[in-house]
**Q** 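Let me begin by handing over the structure; questions about it come next.
Throughout, numbering of the chain's residues begins at 1 and tracks the sequence.
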Amino acid sequence: MLDNNLKSALKGYLQNLKTPVELALAADQSEKGLELKALVDDIASLSDLIVVTQNATASRVPSMQVRSQAKGTVMTFAGVPMGHEFTSLVLALLHSGGHTIKEEAAVLEQIAALPGTLNFEIYVSLSCQTCPEVVQALNLLAAVNPNITTTMIDGAVFPQEVADRNIMAVPTVYLNGEQFSQGAISLGNILNKVDASAATRQAEALAKKDNFDVLVVGGGPAGSAAAIYAARKGLNTGVVAERFGGQVADTVGIENFISVKETEGPKLVANLEAHVRHYEVDIMHSQKAVKLSQNELFELELANGAVLKAKTVILSTGARWREMNVPGEKEYRGRGVAYCPHCDGPLFKGKRVAVIGGGNSGIEAAIDLAGIVEHVTVLEFDSKLRADAVLVKKAQSMGNIDIILNAQSTEVLGDGSKVTGINYTDRVTGKAKHVALAGIFVQIGLVPNTEWLRGTLELTNRGEIIVDSHGQTSMKGVFAAGDATNTPFKQIIIAMGSGATASLGAFDYLIRNS
């Protein structure tokens with residue numbers, strides 16, 4: 001199951017085990033069952049501390065439970081945890097075997113003190129690059145608190161279960177049988193939802209922090225670069241982020257980051273955070289900014305009520321996928337309306353879908369989906385495609401992609417539980433038309449996360465923060481960088497450069513106004 005290189009690497013990791021780990025296997029003679037058995041046998045051959053048993057009472061087959069004999073903790077993998085989820089399996093083995101969990105002591109204490117029995121089920125696809133973040137966060141809860149159990153479920157292996165629960169987007173999390181979350185969610189936000197007093201405690205702790213020289217809002221490429229440049233100047237630097245990495249964490253392949261031939265979003269995000277942590281930067285995870293004001297210092301109010309103070313602020317709040325803003329879109333989001341073809345595409349295997357948008361993102365999505373689904377219809381508002389010629393040529397060469405130009409999407413239709421089609425208007429003839437389908441992937445650009453700054457800073461009519469050559473906004477001492485600004489090109493490397501510019505601009509401001 002595992003090649004020699006992977007076995008060698010895994011054997012090195014498993015040398016960190018301190019206590020026995022039990023793999024309780026439930027496998028049948030199906031293809032996936034045999035794959036899982038082979039995987040378990042390979043893992044067991046690499047460490048004397050791993051014991052294989054048979055789980056005759058498993059509710060899902062094929063599956064395996066990773067059990068800590070010392071702590072009594074249980075994490076279950078239903079399906080074969082390869083692809084993006086292999087790392088989740090490795091971490092589950094290490095944490096079950098007594099390897100030190102790399103998390104703040106206060107967070108581990110909070111997890112250990114969670115009351116009651118919590119049973120999490122996480123539906124994933126192995127091509128979803130966002131899913132491991134959620135699986136690993138929940139598995140960390142289970143590794144610390146024996147009253148918490150987790151089950152990773154590969155939707156492709158258990159399609160009937162996915163259909164019964166009407167799951168059409170991953171990751172989808174259930175807690176004690178009720179839907180808990182859908183899409184990316186950080187460890188901090190999970191704890192905020194299950195621990196009723198978490199927000200109050202966080203607000204109290206944040207209120208005690210010293211004033212910052214530079215306070216960065218956002219933890220994507222721009223915010224990371226800004227924090228690093230500020231810290232290297234010896235400034236007291238803080239980072240407030242809902243989710244470190246931002247949109248980059250949801251990016252699959254990155255091939256235009258200069259000096260790195262190719263990488264993946266989650267890997268780049270991990271490297272960014274490690275680089276920021278190399279300096280004395282105060283990273284405040286899972287915190288949402290809601291208001292910016294100025295008194296003697298700048299004051300940043302957070303959703304939990306805490307107020308942070310700083311001499312300068314750098315806004316790098318990034319952007320999110322733009323929505324169609326048509327009837328039915330919000331109602332069927334996660335039930336056929338999707339924004340990540342890599343994550344959710346496998347859930348539509350053998351079905352008919354549409355892609356909204358004819359730019360690079362839209363045509364790339366259509367090409368990727370065409371290898372999974374029965375048919376793809378691309379609806380483009382303009383009279384021409386804006387994607388690169390090589391992508392258009394590839395899409396046109398595929399037999400199951402139709403491209404419709406001058407198509408104005410007007411309504412998402414469904415049966416109350418899932419999408420059944422989309423209506424659009426032919427902008428040339430004015431005729432209303434309908435396409436029957438099971439899924440709609442929206443790929444029509446980005447919208448900046450700046451709604452909370454309206455009336456505070458000067459924004460463009462698209463909501464972008466207007467900055468000068470030093471990254472300074474209309475409020476002196478407040479700077480901005482990345483996709484949230486009016487920088488014309490939204491690229492990772494450009495965001496990093498603008499983050500560095502904003503940080504140097506903030507440093508110059510402090511020198512001149514101290």
Side-chain angles (χ1 to χ4, degrees), residues 209-241 244-248 256-260 268-269 271-284 289 292-294 296-300 308-319 448-450 453 456-460 464-514:
K209 290 185 179 291
D210 293 334
N211 299 334
F212 293 98
D213 294 322
V214 176
L215 182 58
V216 180
V217 185
S224 298
I228 289 169
Y229 267 71
R232 286 176 61 85
K233 292 293 186 181
L235 302 175
N236 179 20
T237 306
V239 175
V240 172
F244 204 94
Q247 192 182 31
V248 175
N256 58 357
F257 189 69
I258 309 305
S259 84
V260 178
L268 178 58
V269 169
N271 290 338
L272 285 175
E273 185 165 3
H275 196 173
V276 173
R277 288 190 181 279
H278 178 71
Y279 300 95
E280 293 184 3
V281 175
D282 188 349
I283 300 177
M284 292 158 275
L292 176 65
S293 58
Q294 183 179 15
E296 291 184 10
L297 297 171
F298 293 105
E299 297 183 357
L300 184 74
L308 302 173
K309 298 181 179 181
K311 297 176 182 177
T312 61
V313 173
I314 299 175
L315 301 167
S316 55
T317 51
N449 298 315
T450 58
L453 293 167
T456 303
L457 301 177
E458 186 179 355
L459 307 176
T460 69
E464 299 167 323
I465 303 170
I466 297 175
V467 295
D468 64 16
S469 59
H470 285 64
Q472 186 163 237
T473 70
S474 58
M475 183 181 287
K476 302 300 181 184
V478 176
F479 298 78
D483 289 359
T485 72
N486 61 334
T487 302
F489 304 110
K490 315 303 184 185
Q491 297 289 314
I492 294 172
I493 197 164
I494 293 174
M496 287 183 172
S498 68
T501 297
S503 193
L504 293 173
F507 179 67
D508 183 68
Y509 172 87
L510 288 170
I511 291 174
R512 297 175 187 276
N513 294 276
S514 59

**Q** With no hydrogens and no angle check, is any side-chain donor or acceptor of Asp483 less than 3.5 Å from a backbone partner on Lys490?
**A**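 Checked: no pair found.
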
**Q** So if I apply the side chain to side chain contact (heavy atoms under 4.5 Å, CB included) rule between Thr460 and each of Thr485, Asn486, Ile465, which one comes out positive?
**A**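 Of all the options given, the one that passes is Asn486.
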
**Q** If every non-hydrogen atom of Val281 is compared with every non-hydrogen atom of Ala227, which pair is closest and at what distance?
**A** CG2-O, 4.1 Å

**Q** I'd like to know if the side chain of Asp213 reaches the main chain of Asn236, judged simply by a donor and an acceptor atom lying under 3.5 Å from each other, with no hydrogens or angles considered.
**A** yes

**Q** If you round to the nearest 0.5 Å, how far is CG of Leu453 from OG1 of Thr473?
**A**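 Answer for the OG1-CG pair, Thr473 versus Leu453, is 9.0 Å.
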
**Q** Check whether any side-chain N or O of Ser498 sits under 3.5 Å from a backbone N or O of Ala495 as a donor-acceptor pair, and report yes or no.
**A** yes

**Q** For Leu235, does its backbone N or O pair with a side-chain atom of Thr237 as donor and acceptor, under 3.5 Å?
**A**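 Judged by distance alone, yes, a pair lies under 3.5 Å.
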
**Q** Output the distance between atom OG1 (Thr312) and atom CD (Gln472), rounded to the nearest 0.5 Å.
**A** 10.0 Å

**Q** Hey, does the side chain of Thr450 reach the backbone of Glu464 with a donor-acceptor pair shorter than 3.5 angstrom?
**A** no

**Q** Is any side-chain heavy atom of Tyr509 closer than 4.5 Å to a side-chain heavy atom of His470?
**A**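 Side chain of Tyr509 against side chain of His470, heavy atoms only: no contact under 4.5 Å found.
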
**Q** Less than 4.5 Å apart, any side-chain heavy atom of Phe244 and any of Leu272?
**A**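 Yes - at least one pair of side-chain heavy atoms lies under 4.5 Å apart.
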
**Q** Looking at Asn513, I'd like to know if its CG atom is crowded, meaning that more than 12 non-hydrogen atoms belonging to other residues, nucleotides or ligands lie closer than 6.0 Å.
**A**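 More than 12 within 6.0 Å, yes.
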
**Q** Should we say atom NZ of Lys233 is surrounded by more than 12 heavy atoms from elsewhere, each under 6.0 Å from it?
**A** no

**Q** So Met496 and Ile492, do their side chains get closer than 4.5 Å, heavy atoms only?
**A** yes

